[in-house]
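Have a look at the structure below, then the notes.
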Amino acid sequence: MLVFNYHSWQLLNPHTFRNLLKACISERNLLAGKALHALFFKSHNNNNDNITTYLSNHFTILYSKCGTLRNARTAFDLTEHPNVFSYNAIINAYAKHSLLHIARQLFDQIPQPDLVSYNTLISAYAERGDCEQALGLLRVVREKCLAIDGFTLSGVIDACCGRGVGLIRQLHCFVVMGGFDSYASVNNAILTSYSKEGFLGEAKRVFHEMGVGGRDEVSWNSMIVACGQHREGSDALALFCEMVMMGLEVDMFTMASVLTAFTSLKDLAGGMQFHAKMIKSGFHRNTHVGSGLIDLYSKCAGGMLECRKVFEEITAPDLVLWNTMISGYSQNEDLSEDALCCFRKMQRVGFRPDDCSFVCVVSACSNLPPSVGNQVHALTIKSDILYNRVSVNNALVAMYSKCGNLQDARKIFDTMPGHNTVSLNSMIAGYAQHGLEAESLWLFELMLQKDIAPNNITFISVLSACAHTGKVEEGQKYFNMMKEKFGFEPEAEHYSCMIDLLGRAGKLKEAERIIETMPFNPGSIEWAALLGACKKHGNVDLAVKAASEFVRIEPYSAVPYVVLSNMYASAGRWEEAATLKKLMRERGVKKTPGCSWIEIDKKVHVFVAEDTSHPMINKIHEYMGEMLKKLKQAGYVPDIRWALMKDEEAVTAEEKERKLLYHSEKLAVAFGLICTEEGVPILVVKNLRICGDCHNAIKIISAISGREITVRDTHRFHCFKEGQCSCRDYW
DNA sequence: GTAGGGTTAG
């Protein structure tokens with residue numbers, strides 16, 4: 001510990017002064033450093049000897065290390081002969097403050113940059129995900145015959161992560177050929193990159209090949225995180241135990257990594273126990289651990305209450321911690337507005353949002369009225385350093401397409417500075433959700449041509465595009481391609497897509513067979529897909545099986561009860577329908593009330609079925625009455641099978657027709673048509689799936705009114721135009 | 001004077 005007495009410093013000789021400054025740097029003691037700096041001006045500044053040059057350069061290093069950029073810059077500007085050390089320090093300081101353009105300017109001024117200068121800049125580009133620049137610098141380093149080291153390679157590998165596994169494989173080769181595979185840091189970077197590209201097997205291989213002696217703590221932590229992120233939580237926990245048994249040092253990074261394992265297992269109880277243990281050791285106040293905890297509770301506890309408690313315990317929240325909170329809010333659909341509040345609050349307390357903050361807040365906008373997304377988009381443009389980040393653009397593409405605005409999604413996709421796997425995934429998914437399977441598959445083929453590696457998520461979108469349009473053969477082809485050509489082991493989601501694809505196409509037997517033979521225990525999603533297919537094709541027997549399996553897994557979901565009782569009712573099996581309704585009441589299962597909303601002039605108007613609360617409801621009813629006449633003239637026949645919700649026998653056909661007319665999506669559409677100018681497209685969002693009668697009616701409404709009407713339901717988009725729907729009635 | 005491990009988009 002550095003102990004000082006200002007008065008005695010006046011007598012220091014230059015060498016002692018230098019040693020003191022060194023100590024300040026290694027201890028990051030800003031206070032003592034500043035005092036030394038003041039003294040330096042009084043006594044040494046005028047000399048022009050080596051030690052003065054040394055000292056003045058080291059003040060830049062001191063301030064850079066202590067994170068005070070302004071002081072670092074002042075010290076740097078006051079240094080008459082800046083050496084490469086202080087250049088490197090100040091470049092690093094700017095890079096860490098996301099001011100890469102200034103870092104680059106300074107780099108270009110260095111008379112003779114050394115390897116550390118290059119490494120620093122490469123890391124800065126890696127931080128930004130700019131793989132081209134990082135590779136360019138690597139080339140320069142090699143041309144200059146500077147001997148590459150582990151810093152160079154781990155930086156380059158980090159920068160190239162996210163550009164497909166092919167590039168990582170090439171770099172891995174380069175690492176092995178150059179003999180850099182003895183560097184733990186380089187192997188760690190390779191390991192993490194493989195994992196992030198979706199290749200856990202390769203990551204594990206790297207880890208094993210490192211051997212116990214070749215690993216450091218980072219290797220263990222990286223492997224634990226990799227397993228956690230690939231939902232192999234129990235492997236992650238086993239690694240942690242192994243680490244503890246071996247007496248390796250366990251730090252906050254390890255704790256955070258273990259938390260990702262609990263999160264992946266959705267093991268809230270285990271995570272909470274671990275939390276309790278960490279409270280005893282005080283780890284829970286650490287930001288790394290905190291973000292792990294917040295992630296755990298936001299994903300597993302069904303709300304943000306616990307997260308807020310964790311957040312409040314943290315002594316000095318950092319940017320990642322704030323981002324994790326924003327992310328938590330944005331993943332809880334009904335808390336999207338809170339995500340925005342959190343984003344604003346973070347800025348109020350002085351944090352500058354980074355790409356991750358924007359990605360999270362933009363994704364929250366997918367669940368909010370479109371105008372909010374537009375505003376946040378404007379914000380990303382204003383904060384220009386982020387504008388060019390691929391990740392933010394990807395999030396914007398996803399947001400616009402989820403908000404039903406495929407045109408703007410495409411515009412961003414076409415103008416963004418570069419594409420990676422996620423960019424293509426977002427756009428492909430956008431087209432898939434809108435039922436534009438041809439565009440979706442065309443983009444996928446383009447992706448392959450351009451050598452942008454698909455990942456497991458790409459195939460989810462591709463398969464769902466096939467499912468949404470009934471392309472059974474294509475779906476089968478892509479499912480096989482994913483295994484055989486790309487070596488991806490299909491995950492539960494891929495199997496669900498196949499169940500959906502086959503089931504909807506009427507191949508119920510094949511769909512059921514997939515459930516029986518897939519290498520996972522089928523979850524509610526798989527059974528729901530089969531149930532939906534049974535409903536479409538009227539197979540009550542199989543529906544009973546699917547529904548009961550669903551209920552076993554998710555006892556409080558109303559979905560299986562409602563679907564099955566509607567099926568009974570449709571088949572005229574009233575008693576069974578009633579029994580099911582009774583059972584539902586007895587078990588306390590509540591149906592989610594259907595509601596639809598529309599944004600007009602930045603105000604959201606929500607409608608529930610047979611709504612009478614809206615101030616303009618009379619006008620809406622009047623409009624619907626008129627519309628009904630026109631609809632009937634155009635050949636609309638109300639499909640009263642969709643009005644079977646309660647007391648079926650008691651209601652007359654006329655009453656059923658009236659009920660249908662006042663479904664929430666029809667009310668919202670009518671309101672939209674009343675409130676907007678001729679020709680303006682309208683967007684309605686529904687919290688459940690669109691009803692079949694509404695689907696039919698809105699098709700005709702779109703023709704009568706000459707409007708483009710988009711309805712987003714929980715499953716996909718229906719874009720009605722000139723009497724047709726983009727789903728081509730396949731839903 | 002410089003890396004690799006916690007959060008994110010599909």
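Residue numbering restarts at 1 for every chain, and letters A, B, ... go by the order of the sequence lines. These numbers come from a predicted model, not from an experiment. Because only heavy atoms are used, hydrogens play no part in the values below, and waters and symmetry mates are left out as well, while side chains stay in.
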Classify the nucleic acid contact of A/E493 as base, sugar-phosphate or nothing, counting any heavy atom under 4.0 Å across all strands shown.
-> nothing

Report which part of the nucleic acid A/N455 touches: base, sugar-phosphate, or nothing (heavy-atom distance under 4.0 Å, all strands).
-> base

Looking at the side chain of A/C356, which of B/dA9, B/dA3, B/dT8 is the nearest nucleotide?
-> B/dT8

So what does A/V225 hit on the nucleic acid, given a heavy-atom distance under 4.0 Å: a base, only sugar-phosphate, or nothing?
-> sugar-phosphate

Looking across every strand, which nucleic acid part, if any, lies under 4.0 Å from A/S426 by heavy atom: base, sugar-phosphate, or nothing?
-> sugar-phosphate

Using a strict 4.0 Å threshold on nitrogen-to-oxygen distance, state whether A/R231 and A/E491 make a salt bridge.
-> yes

Calculate the interatomic distance between A/F85 atom CZ and B/dT2 atom P; express it in whole Å.
-> 11 Å

When all nucleic acid strands are considered with a 4.0 Å heavy-atom cut-off, which category describes A/S257: base, sugar-phosphate, or nothing?
-> nothing

OP1 or OP2 of B/dA3 sitting under 4.0 Å from any side-chain N/O of A/N119?
-> no

So, is A/Q331 near the phosphate of B/dT7, with a side-chain N or O under 4.0 Å from OP1 or OP2?
-> no

Ranking B/dT8, B/dT2, B/dG4 by distance to the side chain of A/S185, first place goes to B/dG4

Decide yes or no for A/T152 and A/L137: does some side-chain heavy atom of the first lie under 4.5 Å from some side-chain heavy atom of the second?
-> no

Contact class for A/A184 (heavy atom, under 4.0 Å): base, sugar-phosphate, or nothing?
-> base

Taking CG from A/N187 and P from B/dA3, how many angstroms apart are they, rounded to a whole number?
-> 19 Å

Contact class for A/N420 vs. all strands (heavy atom < 4.0 Å): base, sugar-phosphate, or nothing?
-> nothing

Should A/K402 be listed as having a side-chain N or O under 4.0 Å from OP1 or OP2 of B/dG10?
-> yes

Rounded to whole Å, the OH-C1' distance (A/Y87 to B/dT2) equals 17 Å

Residues in ring pair (Phe, Tyr, Trp, His ring centres under 6.0 Å) contact with A/H419, at least two apart in sequence or another chain = A/F413

According to a strict under-4.0 Å criterion, is A/K196 in side-chain N/O contact with OP1 or OP2 of B/dG4?
-> no

Whole-Å gap separating C1' (B/dG6) and CH2 (A/W322) = 18 Å

Round to a whole Å and report the spacing from OH of A/Y431 to P of B/dG10.
-> 17 Å

Can you check whether any acceptor in the base of B/dG10 is under 3.5 Å from a donor in the side chain of A/N456, or vice versa?
-> no

Grab the CD-C1' distance between A/Q433 and B/dG10 for me, whole Å please.
-> 9 Å

Between the base of B/dG4 and the side chain of A/D216, is there any donor-acceptor pair under 3.5 Å?
-> yes

Taking B/dT7, B/dT2, B/dG6 as options, the one with an atom nearest any side-chain atom of A/N323 is B/dT7

Kindly point out which of B/dG4, B/dT8, B/dA3 is positioned nearest to the side chain of A/V218?
-> B/dG4

Quick one: A/I428 CD1 to B/dG10 P, roughly how many Å, whole number?
-> 14 Å

With distance as the sole criterion, is a donor-acceptor pair present between the side chains of A/N188 and A/S185 under 3.5 Å?
-> no

Check whether the side chain of A/D251 and the base of B/dG5 form a donor-acceptor pair under 3.5 Å.
-> yes

Test item: side-chain donor near acceptor, A/N57 and A/T79, under 3.5 Å = no

Counting side-chain heavy atoms from C-beta on, which of B/dG5, B/dG6, B/dA9 comes nearest to A/T287?
-> B/dG6

Near DNA chain B, under 4.0 Å by heavy atom, which residues of residues 147-159 of chain A?
-> A/F151, A/S154, A/D158

Take the protein atom CG of A/N221 and the nucleotide atom C1' of B/dT7, then report the distance between them rounded to whole Å.
-> 16 Å

Side-chain contact test, heavy atoms from C-beta onward, threshold under 4.5 Å: evaluate it for A/S440 versus A/V462 and give yes or no.
-> no

Is A/K204 salt-bridged to A/D235, cutoff N-O under 4.0 Å?
-> yes

If you look at every strand shown and take non-hydrogen atoms under 4.0 Å, does A/N57 touch a base, only sugar-phosphate, or nothing?
-> nothing

Contact class for A/V289 vs. all strands (heavy atom < 4.0 Å): base, sugar-phosphate, or nothing?
-> nothing

Taking the side chain as C-beta and beyond, is there a heavy-atom pair between A/I110 and A/V84 under 4.5 Å?
-> yes

Among the nucleotides B/dA3, B/dG10, B/dG6, whichever has the atom closest to the side chain of A/I457 is B/dG10

Ring centre gap for A/F486 and A/F459 strictly below 6.0 Å | yes

